[in-house]
Structure formats: structure tokens, C-alpha cells
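What follows is one structure encoded as C-alpha cells, with my remarks underneath.
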Amino acid sequence: ESEDFFESCTPRLDDTYRFYLNKVTGLDREYNSGALHIRDLLSPLFGTLKESVQFNYCFDIAWMVKQFPPEFRDRPVLIIHGDKREAKARLLQQAQPFPHVRFCQAKLDIAFGTHHTKMMLLWYEEGFRVIILTSNLIRADWYQKTQGMWMSPLFPRLPEGSRPSAGESPTFFKRDLLEYLASYRAPELEEWIQRIKEHDLSETRVYLVASTPGRYVGPDMERWGHLRLRKLLHEHTNPIPGEERWPVIGQFSSIGSMGADKTKWLAGEFQRTLTTLGKSSLHPSPPIHLLYPSVEDVRLSLEGFPAGGSLPYSIQTAQKQLWLHSYFHRWKADRSGRSHAMPHIKTYMRVSPDFTQLAWFLITSANLSKAAWGALEKNNSQVMVRSYELGVLYVPSAFDMKTFPIDETPFPVSSSTSGFPVPFDLPPTSYSPKDQPWIWNISYSQEPDTHGNIWVPS
Ligand SMILES: O=C(O)c1ccc(Nc2c(-c3ccccc3O)nc3cnccn23)cc1C(=O)O
């Protein structure tokens, strides 16, 4: 039985894609097999921790410290955040009892930008690991929401005296990660840039898709945000016969202001990016399906209306863009047992007309907003990005495939399949005429949620 015990307590992980969902409290056991809790990520099973860096937006420092196993609880943790003034003071105050926790404030010089990036840099005795994820470092983000992550392989240390460009991956992940870290221009990150240079990242098969605040011109325009994604799709995917019938899917947990009509950004520059496949000069208009929870999805969720506290779509923004809601589809994820675990994960993908194959897949912190993805300005000669964002792109060519088959039953995880574990149901389910998008700052008092409560925002 010790074998069974060991089997049951160490998650059998899908090694192909290294894409995992968070565990969700209250699901049948099978739907959490292969899913990971934050305590799994920080467990000695993945390495003997020396120091870590936590890039995130929202922090509960005392809760975070408790997620480390006791033997690692005093190891230095560097927090990369975007808080300023009183918010920064409150954050630093949280760590007053924890001298091993230090802080670095990411510069946010453009209005309305946020430090949205969620990443763990884990330095072990045995080597180095990167985790890029969608969860904040607060209990609620790891309880009953659908969240996801990419977990890197263990990167071994390079032999002494290796040249810095050693340890590069076929997807140039090492160069791109170092450039992203350098974009903070933060002295606290210098020693981490140096440490990563000393490790072998060559087994990485995903491309980094990052956003860093700024106004970019010329070749710098393709380094960040959606123009970076367009560049990667242009270089590393191929045209598909009948691609105009291959839908684009965007799935997210918040929405920015998209302008008075679809041509302002969504069906213009953003659609141009999402429909790029290789170097074809066609600009098809395939279906675009946007997945965002309806009020009913939230009301009937495991958390009930409080799930909507992490779906910050405001009435002020929504009323300016009613045209957007015709693209919307519900959150339905029976295949992962997560139809009632509201999404905080963000994913974008290009699927075949029969929803059995993927041309590419992106998991990211970036919601549907110009702040996150960037927007062209000055007659398309400049792109402006407001926020820090981070995600990873899967393209079939990096896995010696033409397309990714989709695994329609990703749970319980079976290391046998080579299918990509898309976490929600395909095809997407359109809103019914009565469905409305969840808006977080209006009241819902007609019908109670799963906990018998109504929603009356202050
Ligand atoms: O990922 C996400 O969906 C996400 C979305 C927004 C966000 N921040 C944020 C919030 C807000 C949302 C929820 C609880 C507290 C908040 O302050 N309100 C605004 C207003 N304008 C810009 C950013 N805003 C943070 C995250 C995240 O979880 O990182």
C-alpha cells in the first residue's frame, strides 16, 4: 500500500505540455487528479528550495508564508508588485513579522497600468524552475476558481565557465525571459538575471508572451503584447486550408474599454493578431468566440455571487460597448468538472471547425483589455502598453506536430494521451437571449446564489 499511497499523494503529471489546473475544493477526486495546489508547487517533491521570487498583483503575505513547507518557510522571498503610496505601505506592513520577505516595486509610469504578471522563480539546491500562472497569492484564488499554470522542467545548472548564451531553448525562452526581467530595470532582479544565465533552459518548448508598460516604435513594437503574439504566430505557425472556418477563442475574467464599436480595436488590430497563421497575406474573418461568465454562471457557482468580486467588469465600461456582448459565450467546463468553478484563468486559442484540433494555445495573465495587450497609436507607428502581463504560447511546430489534438476528457489525467487538455467545453455555448454578462458593480437581488445570498455592491 506504500506504493499506492505514494501514487495517490504525488500528482501524476502530464509531461508533454506541462499545463496544469489548480485544485478546486469540493470536486470529485478524479477532477483534481493531476491538478495542483500552491502547497504542491512549493513542496520538496519539486526541489529543495533555496530562494524564490513571487511576481503578482494581490498578496496575503501571512497566508503565502504558510503555503511553504516548514523546512522552507524561512527561505528568502522577493515580492515583485505594482503597489504605490498607501497600498504599498499596507503591503509592506503585512510582512512586518516576516524578515525573510523583501519587496521590489515595479515601475508603473503610465496611468491605469497594473502589475498583473504572475510568476514564481524557484532557485533550488538541484537547479532552477519557472512557473507562470494566473492565480493571485491569496487564499480565495486557490479555493474554488478555475486557474491554470505552465510549470517549467527543472533547469539544471550549467557547467562552470559556460558562456551566457548556453542553455538556450529552441524557442529562445532564456533570452526572452532575461529581456523581460531586464525591462523592470530593478536592482533587486540583477542577481536573479545572473542566476538564470547560469542555468540550462534548453528543454523549454513554449514561447514567452509578455507585456511591459511603455510606448514602442519601430522593431520594439513586436517585443510585447499582441504584436509579439502576431510575430510568433507569423514565424512559428503555418497557413491552414480553410482557415477562415477555424474559430478564434478568447477566454478571460475581466474586460477593459474596447471603444464604441468593434472596428476600434477588437475586430481591427486584435483580430488581425489572433487570426495570424504563418506568412499568408490573407486576412480571414473567422468566427470569434469570447468566453466570459454570465450572471447565472456566477449565481450558480461554488462561491456564489462573491466569485464576481474577481470578475471586475464595471457597468460604466459595459454600457459603452453593448456591441461586445454579442460575442459572448458562457463558462461551461463539464470536461474538467469546473462548470461551477468560475474562471480566473485566461486562455486564447485557434481551433478547427469540428473543435478537435488546435492551431495554437496561449495561457496568460492578460484579460481582454488594451491596457494588457497594447493598442496602436499615431497612425500605427507606435504601440502603447499600460500593464505588466505574462503568458506562454504553445505552437505545434515546437512539439513536432502539425496541430494539437484536443483531449476531450482531460480528467482524470492520463499520461497516455497526447491531446491538449483544453479546460472548458467545446464548442462554446452562446449566451441565451436572457443571459447577461456578469457586471460586478450592480445589484442582483431577484434570485439567491448557491449560498442563499443576493449581491448588493456598496
Ligand atoms: O486577473 C484579473 O482578472 C484581474 C483583473 C483586474 C485586477 N485589478 C483591478 C481591479 C480589481 C479586481 C478584482 C479585485 C480587486 C481589484 O482591484 N480593479 C481594477 C480596475 N482597473 C484596473 C485593474 N483593476 C486584478 C486582476 C488579477 O487578479 O490580477
Side-chain angles (χ1 to χ4, degrees), residues 21-22 38 54-60 63-64 79-88 90-91 94 106 108-120 131-150 209-213 225 250-258 290-293 297-298 301 303 305-318 320-321 328 331 341-348 362-375 384-391 423 437-442 455 457-458:
L21 301 182
N22 294 17
I38 184 168
Q54 297 288 346
F55 296 69
N56 220 304
Y57 170 81
C58 220
F59 301 87
D60 175 340
W63 173 84
M64 178 196 76
I79 302 282
I80 314 293
H81 66 92
D83 287 343
K84 303 175 179 175
R85 297 184 293 276
E86 296 78 10
K88 176 178 181 177
R90 284 196 300 275
L91 179 61
Q94 283 194 54
L108 277 165
D109 301 333
I110 298 178
F112 303 113
T114 48
H115 184 263
H116 226 212
T117 286
K118 296 166 173 67
M119 172 164 63
M120 300 186 183
I131 301 176
I132 293 171
L133 66 165
T134 61
S135 304
N136 285 287
L137 288 172
I138 59 175
R139 182 191 312 276
D141 268 44
W142 295 86
Y143 180 53
Q144 293 188 313
K145 297 180 190 296
T146 298
Q147 303 262 29
M149 70 190 85
W150 169 76
V209 182
S211 292
T212 281
Q251 175 274 312
F252 38 80
S253 60
S254 185
I255 302 154
S257 184
M258 296 278 113
L290 301 181
L291 271 62
Y292 177 75
D297 293 336
V298 176
S301 71
E303 297 174 273
F305 283 129
S310 298
L311 297 163
Y313 190 27
S314 73
I315 186 68
Q316 290 79 6
T317 302
K320 292 186 294 186
Q321 52 199 34
F328 281 8
W331 173 257
M342 285 302 101
H344 192 261
I345 191 173
K346 296 91 173 141
T347 59
Y348 301 78
L362 175 72
I363 174 172
T364 175
S365 62
N367 282 302
L368 185 68
S369 87
K370 291 157 59 176
W373 285 104
M384 197 259 285
V385 179
R386 296 180 191 271
S387 295
Y388 292 86
E389 306 283 351
L390 198 59
W438 167 262
I439 288 169
W440 77 329
N441 58 348
I442 60 176
W455 182 259
S458 50

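Just so you know, these numbers use all the heavy atoms, side chains as well, and skip hydrogens, waters and symmetry mates. Sequential numbering from 1 along the given sequence is applied to the chain's residues. Counting convention: from 1, in listed order, for ligands and their atoms alike.
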Do any N or O atoms from the side chain of Thr134 and from the backbone of Gln147 form a donor-acceptor pair under 3.5 angstrom?
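Looks like no, no N/O pair under 3.5 Å.
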Output block, N or O contacts of ligand 1, threshold 3.5 Å exclusive:
| residue | atom | partner | partner atom | Å |
| --- | --- | --- | --- | --- |
| ligand 1 | 1 (O) | His116 | NE2 | 3.3 |
| ligand 1 | 1 (O) | His344 | NE2 | 3.1 |
| ligand 1 | 1 (O) | Lys346 | NZ | 2.8 |
| ligand 1 | 3 (O) | Ser253 | OG | 2.7 |
| ligand 1 | 3 (O) | Lys346 | NZ | 3.4 |
| ligand 1 | 3 (O) | Asn367 | ND2 | 3.1 |
| ligand 1 | 8 (N) | Tyr57 | OH | 3.0 |
| ligand 1 | 17 (O) | Tyr57 | OH | 3.0 |
| ligand 1 | 28 (O) | Asn136 | ND2 | 2.7 |
| ligand 1 | 28 (O) | His344 | NE2 | 2.8 |
| ligand 1 | 29 (O) | His116 | NE2 | 3.1 |
| ligand 1 | 29 (O) | Lys118 | NZ | 2.5 |

Taking the six-membered ring for Trp and the full ring for Phe, Tyr or His, determine whether the centres of Trp331 and Trp438 are under 6.0 Å apart.
no
Residues passing the salt bridge (Lys or Arg N to Asp or Glu O under 4.0 Å) test with Lys118, sequence neighbours excluded, are none
Could you give me the CA-CA distance, side-chain angles and deciding distance for Ser253 and Lys346, then say whether side-chain hydrogen bond (donor to acceptor under 3.5 Å, both in side chains) is met?
CA-CA 7 Å; Ser253 60; Lys346 296 91 173 141; 3.1 Å; yes
Looking at Asn136, Ile138, Ile38, Leu137, which hits side-chain contact (heavy atoms from CB on, under 4.5 Å) with Met64?
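Exactly one pass, corresponding to Leu137.
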Between Phe252 and Asn367, what is the shortest heavy-atom contact and its length?
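So the minimum-distance heavy-atom pair works out to CB-OD1, 3.6 Å.
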